[in-house]
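The block underneath contains the structure these notes are about, expressed in structure tokens.
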Amino acid sequence: MNSPTFYSTNLKTSPVSFSAALLKGIAPDKGLFLPEVIPHISPGEIRKFSEMEYYQVAYEVSRQFLAGEIGDTELLLMVRDAYNFDIPLEHVVDRKYIMRLDQGPTASFKDFAARMMGRLMQYYLKKNNQSLLILTATSGDTGSAIANAFYGLKNINVVVLFPEDEVTSRQRKQMTTLGGNVQIIGLNAKFDDCQAMVKEAFADHELDHLCLSSANSINIGRLIPQIVYYFYSFSRLRKNNDEQVIFSIPSGNFGDMMGGVLAMKMGLPVKKFVIATNENDEFPVFMRSGIYSKIEPSKNCISSAMNVGHPSNLARLVAVYGGVMDEAGNISKIPDMEMMRNELFPVSINDDMTRDTIIQAWNRHKLLLEPHGSVGWAGLWQYLDEHPADNTADQLCISLETAHPAKFPEQIRKLINIDPDLPPSLEGIESKQESYLHFQNDYRTFKEFLLNNYKK
Ligand SMILES: *Cc1c(COP(=O)(O)O)cnc(C)c1O
């Protein structure tokens with residue numbers, strides 16, 4: 001088996017190998033990498049997944065993209081090491097389930113992608129005797145997932161910038177209590193300033209020798225791991241051979257959703273993806289009208305990790321449906337809108353509805369949701385209400401919960417008056433020693449710091 005090569009969604013550079021796509025992150029023409037050929041997994045193979053551990057399914061699925069690039073033994077070691085936590089499939093009612101992707105070290109689904117990407121990068125860096133400095137700006141979840149995923153890896157240093165006033169203390173402590181190869185810097189500025197500073201560093205040729213790399217959600221090394229849990233959950237819950245599943249995905253940058261769509265294109269029998277956004281509804285509007293315009297600045301909703309006015313993975317989705325969209329959101333070739341509307345159901349859920357759903361889910365089913373998962377669950381019910389033929393007790397539905405409720409204690413307490421238990425990964429975090437630097441919003445200071453601390 002040979003691994004596919006990866007093309008850029010802007011179609012202006014030649015396809016590259018997986019390792020080149022992984023280490024570059026973004027294509028030279030600013031497009032996003034996608035496999036030229038989407039591998040296929042047969043129904044028989046999917047049936048076999050039902051008897052496997054999660055890491056084994058991860059191995060089988062990733063191998064479709066990586067065989068020939070990474071030895072089978074190494075790949076197996078990587079997935080075993082990355083996926084050492086549970087993936088609960090919680091029964092709610094009839095055949096409706098919540099898939100909890102919140103048991104990793106930072107209690108958000110971003111652990112799935114970040115942990116695998118870190119190990120993939122380490123593999124190639126060791127092999128080529130290279131090193132890398134990862135720079136990331138975060139408003140919360142991404143930074144801690146990256147910091148935890150890369151903590152302790154060889155040949156990789158990590159610097160995370162965060163806005164001191166825009167991150168909860170729990171989110172901050174998930175990053176600042178690590179140490180080692182992870183350096184955290186609090187900026188006296190807004191998230192956008194942190195991001196601008198990281199961008200300036202990437203464009204600064206005087207830093208080229210530091211081998212900067214970003215670990216953001218567009219890296220192909222994050223996309224492939226996000227295909228796996230769709231196969232895993234379906235194979236566990238399916239009852240018969242010709243059944244199709246409905247997934248509901250709370251979405252912001254559309255990385256999670258792209259994983260699902262690729263799983264479907266690989267052969268997973270999906271009836272519909274409910275793409276549930278918060279009030280940042282640029283995608284639902286695009287699907288209705290065929291006209292795309294970003295939301296600038298993005299709206300502040302309580303499902304804060306989904307406050308995205310221009311999803312960075314949208315160019316990939318458009319590409320999978322035969323269109324071309326550039327990094328600014330301009331469409332030069334319209335995708336097959338009919339096929340998209342057949343396969344995807346976009347829905348926007350506002351904050352009131354999100355709060356209401358947390359209350360209803362608890363009162364009716366003792367189902368504990370946090371704001372992101374609530375958007376997904378509300379979106380699923382909106383779909384079922386509008387499609388009575390699918391609203392049957394027998395229809396398998398899986399709604400994704402992307403963060404642990406204990407990450408949003410104030411919201412949950414206010415709405416349903418309970419204090420969610422901390423998951424094991426967050427226990428003891430309050431009393432751990434923090435260490436991080438404080439910088440003003442000044443690029444020179446940041447640059448000097450990088451030059452003085454990370455020279456070759
Ligand atoms: C990042 C994130 C999302 C959105 O995922 P995308 O892949 O960006 O669509 C949803 N929920 C939580 C908790 C997140 O951290």
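Whatever order the structure lists ligands and atoms in, that order sets their numbers, starting from 1. Throughout, residue positions are numbered sequentially from 1 according to the sequence presented.
Side-chain contact of Asn10 with Glu327: a donor-acceptor pair under 3.5 Å is present, judged by distance alone. Inspection of the Glu69 and Tyr124 side chains reveals an N or O donor paired with an N or O acceptor under 3.5 Å. In summary, the side chains of Ser8 and Asp29 do present a donor paired with an acceptor at a separation below 3.5 Å, with no hydrogens or angles considered.
Taking the six-membered ring for Trp and the full ring otherwise, the centers of Phe345 and His387 sit less than 6.0 Å from each other. Annotation: Phe112 is in aromatic contact with Phe85 [ring centroid separation under 6.0 Å].
The closest protein non-hydrogen atom to atom 12 (C) of ligand 1 is Thr402 OG1, 3.4 Å. Protein heavy atom in closest approach to atom 8 (O) of ligand 1: Asn253 N, 2.8 Å.
By the 30° and 60° cut-offs, the orientation of the rings of Phe65 relative to Phe6 is tilted.
Of all atoms in ligand 1, numbered sequentially from 1 with element shown, those under 4.0 Å from a heavy atom of Phe109 are 1 (C), 2 (C), 3 (C), 5 (O), 7 (O), 14 (C). Within ligand 1, counting atoms from 1 as listed, the ones closer than 4.0 Å to a heavy atom of Asp256 are 7 (O). Listed by number with element, the atoms of ligand 1 under 4.0 angstrom from any heavy atom of Ala403 are 13 (C).
The shortest N or O to N or O distance between Gly252 and ligand 1 is under 3.5 Å. Residue-to-ligand polar distances keep Ser251 apart from ligand 1: every N/O pair is separated by 3.5 Å or more. At under 3.5 Å, a nitrogen or oxygen of Gly255, whether backbone or side chain, sits near a nitrogen or oxygen of ligand 1. Between Gln226 and ligand 1, a contact under 3.5 Å exists for no N or O pair.
With distances taken over non-hydrogen atoms, the option nearest atom 2 (C) of ligand 1 out of His372, Lys110, Met306 is Lys110.
Among all heavy-atom pairs drawn from Gly322 and Lys333, the shortest one is O-NZ, 3.0 Å.
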